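Heads up, the thing below is written out as structure tokens.
Atom set for the values below is all heavy atoms of this structure, side chains included, hydrogens, waters and symmetry mates excluded. For clarity, every value in this text was computed on a predicted model and none was experimentally measured. Below, read A as the first sequence line, B as the second, and so on, with proteins coming before strands; counting in each chain starts at 1.
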Protein chains: 2
Amino acid sequence: MPNPPTIKEIAKRLNLATSTVSRALHNHPRIGLKTRMQVQALARELQYEPNQTAIFFQQKKTFTLGIVLPELSEAFFSAAISGIEDTANKSNYMVLLGQSHDDTAREQKIVEIMKNHRVDGLLVSLAKNTVQYAHFEMLRKYNIPVVFFDRIPDMKDIHYVASNMESGTVQAVSLLLQQGHRVIGMINGPEKLIASRQRTTGYQKAMQQQRLKYDATLNIHSDLTKEGTRQAMQQLLSHKRKITAVVAFNDYVSQDAVQYAAERGIQINKDICFVSYANLPLSSYMAYPPLASVEQYPYLQGQKATEILLDLLSGKLAPDAYQQVIIDSRLVIAPKK
Amino acid sequence: MPNPPTIKEIAKRLNLATSTVSRALHNHPRIGLKTRMQVQALARELQYEPNQTAIFFQQKKTFTLGIVLPELSEAFFSAAISGIEDTANKSNYMVLLGQSHDDTAREQKIVEIMKNHRVDGLLVSLAKNTVQYAHFEMLRKYNIPVVFFDRIPDMKDIHYVASNMESGTVQAVSLLLQQGHRVIGMINGPEKLIASRQRTTGYQKAMQQQRLKYDATLNIHSDLTKEGTRQAMQQLLSHKRKITAVVAFNDYVSQDAVQYAAERGIQINKDICFVSYANLPLSSYMAYPPLASVEQYPYLQGQKATEILLDLLSGKLAPDAYQQVIIDSRLVIAPKK
DNA sequence: AAAATTTGCGCAACCGTTTGTCCAGCTGTT
DNA sequence: AACAGCTGGACAAACGGTTGCGCAAATTTT
């Protein structure tokens, strides 16, 4: 047999109408028991499998979720996608993948292609410097729901799941203060990122709680590249006040900062303590694991975002019942060595 | 406009046949310049986008590649998929994802679903304990080409890309021998895995080259779980000959082994040196990075496998011209601390 | 100027499935 | 016996696009 058996084939062999066969296979009550059995038997024998592309076309539904995210090789995203895929699969959805590589143009192209592929919905984590959202607005016209996660846009009326860095940051800074640190540097991300602002706010609140003054010059905004981090660290080290602790934007930044500091002869976790945000797995294996780390639950975020999207698709959730889920970040203190 | 514009819509407005519109949009030479321009102008105006699901159905082609792999959150695989996605995208293919979680049943189900989704081809890295390949054999009947990568099956007549652990292992063991180690333990993987056998062969060859005797009791096969690793390490530590170096199956195993050894009061990289295979990123940040690490080039493997699959699909490569690409692994020596 | 080609476009089938509607025959009611 | 109500299945349209073929008009060839 060169080409797979179709419903027509079955109909012809049994001298039935294709509609009858179709209904028989779906256990439609209007089809008599005898014919139903016949059809199903022959279907099994021929190893009939419905042609999904035909069904997709006919039903205008593909049971496919599009995922757009910056970089798969970042541990955070691969954990998130793991959660997405697991959740989607439970509802028999498949997952179509696209990496923006933090390039807005690529992001736009991927969204366009996914739209044409008629994905039923989209899960998106923005490219670092995406500031225009026309390619997402457009999807409304096509009734393709979008749920953003982690890197969410500054738009009204969207669904999203994100972790609030503020709570974790408050906890992190509080921990440091409690341990006696008074001059705490922060290597923060680009100012326009919401996550950066949350870190700043968290820092401020923690200080405020202890009636301490927030010093903005200790909060350095970097571009998160290795070079940027090194410059930020340099600034912190040459600050007129002597810093004894650093809150780094994430583990990658933290490790780069640690490296830079170590090169300058600084004793890690002695002269300067580091607190970070967990992006790396197995931080327990690291040479200088941060004192503590703010966990962002990427798998959970992916899972939750997918659940929302599926509910949107099944109609369990109205399209304009905008879901905005905040997953509180939480400080996890590293076990004492 | 509730539903997107179709080719029929354009035809009606312009009083043309749908066939003419279709051809005009494809710049078919038999369509006059004037009508062609009209059609294209209106298409732009209406923001016409072809309905891909209709095209997929009609053309029996989806421009979609299925990827089946064990675990996205393993760094090796997320790097590989990154290479796959990048390469596929260059040829305007999309990528459909499925994780087997090292469960053969799930692997089978995913392959089944992907077949029904009519992916044009499949890229597969096997689940740890998959030993029956019926679900892949079946794909031949449907003319869905498969390219395996990294974890490849023991089948005849398949396409695959894999790294040869032998060369890297020879280099690794040779390095240890050269440094004076004589009793070298190996924590190997399940015996049926090709990659395990390659490591064994590599070990043997390196010994042979120095006219040394290979001691099979130093080569422990484990199941790669943390517990299995600890048991293996225990065996090695209680070996009658005192080992001074260990070659671990991969970085995860290596780290577990290191941990176990450290608990037993062993001085890492002093009493016992470790050499491993690179699965983890940023090994330079690890507390006890292996002395050296065998690099397997996951991104490259993904890329190469995808190229083969695409060539198969485009007909550049005959389906029975079985491609079996071996990417030599290479020992990378860690920079001295 | 007649014949041969080329140009430009329409007609209709087709891909595989679902689903609304119609119809024939049987059963049962009065 | 006539009529209504079921039952079980057939018919055909529709989803949106592609493509082989046919045919008239325009153009070129001899």
Rounded distance in Å - [atom1] ([X]) to [atom2] ([N]):
X: A:Asn116; N: D:dG16; atom1: CG; atom2: P; result: 14 Å
X: A:Glu49; N: C:dT17; atom1: CD; atom2: P; result: 11 Å
X: A:Lys8; N: C:dT18; atom1: NZ; atom2: P; result: 13 Å
X: B:Lys34; N: C:dT7; atom1: NZ; atom2: C1'; result: 13 Å
X: A:His28; N: C:dG20; atom1: NE2; atom2: C1'; result: 10 Å
X: A:Asn15; N: D:dA10; atom1: CG; atom2: P; result: 9 Å
X: A:Gln58; N: C:dC15; atom1: CD; atom2: C1'; result: 13 Å
X: A:Glu9; N: C:dC14; atom1: CD; atom2: C1'; result: 16 Å

Where the side chain of [X] is concerned, which of [options] is the nearest nucleotide?
X: A:His26; options: C:dT18, D:dT19, D:dC11; result: C:dT18
X: B:Gln59; options: D:dA10, D:dT18, C:dT17; result: D:dT18
X: B:Ile55; options: D:dG9, D:dT18, C:dT17; result: D:dT18
X: B:Leu16; options: D:dC11, C:dC9, C:dT18; result: C:dC9

Along DNA chain C (nearest heavy atom to each residue), the more 5'-positioned of A:Thr6 and A:Arg30: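 Comparing both residues, the 5'-ward one is A:Thr6.
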
Contact nearer the 5' end of DNA chain C, comparing B:Ala54 with B:Arg36: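 Whichever sits nearer the 5' end wins; that is B:Arg36.
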
5'-most by nearest nucleotide on DNA chain D - B:Arg23 or B:Asn51: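 The residue mapped nearer the 5' terminus is B:Asn51.
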
More than 12 heavy atoms from other groups under 6.0 Å of CE on A:Met155: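 Enclosed.
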
Euclidean distance, A:Ile326 CD1 relative to A:Gln324 CD, rounded to 0.5 Å: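 Taking CD in A:Gln324 and CD1 in A:Ile326, the distance rounds to 7.5 Å.
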
So [X], base contact, sugar-phosphate only, or nothing? Heavy-atom distance under 4.0 Å.
X: A:Lys60; result: sugar-phosphate
X: B:Thr35; result: sugar-phosphate
X: A:Ser22; result: base
X: A:Tyr48; result: sugar-phosphate

Report yes if the distance between the aromatic ring centroids of [X] and [Y] is under 6.0 Å, otherwise no.
X: B:Phe57; Y: A:Phe57; answer: yes
X: A:Tyr160; Y: A:Tyr322; answer: no
X: A:His117; Y: B:Phe56; answer: yes

Face-to-face contact B:Phe57 to C:dC15 six-ring, under 5.5 Å, under 30°: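 Ring-base stacking flag set for B:Phe57 and C:dC15.
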
Distance test, side-chain N/O of B:Thr20 to OP1/OP2 of C:dG10, below 4.0 Å: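 Looking at the OP1 and OP2 atoms of C:dG10, one of them is under 4.0 Å from a side-chain N or O of B:Thr20.
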
Selection residues 13-35 of chain B - residue pairs positive for ring-ring contact (aromatic ring centres under 6.0 Å, His included), sequence neighbours left out: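 Output for this query is empty, none listed.
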
Whether B:Tyr93 and B:Phe63 hold their rings parallel, tilted or perpendicular, with breakpoints at 30° and 60°: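 It falls in the tilted class, 30° to 60°.
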
Rounded (10°) bend between the five-pair end axes of the helix from C:dA1-D:dT30 to C:dT30-D:dA1: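 So the angle between the two local helix axes works out to 50°.
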
Pair A:Glu112 + A:Lys115, salt bridge at N-O below 4.0 Å: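 Looking at A:Glu112 and A:Lys115, the cut-off is met.
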
Any donor-acceptor N/O pair under 3.5 Å between D:dC15 base and B:Thr53 side chain: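 Checked by distance alone, the answer is no.
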
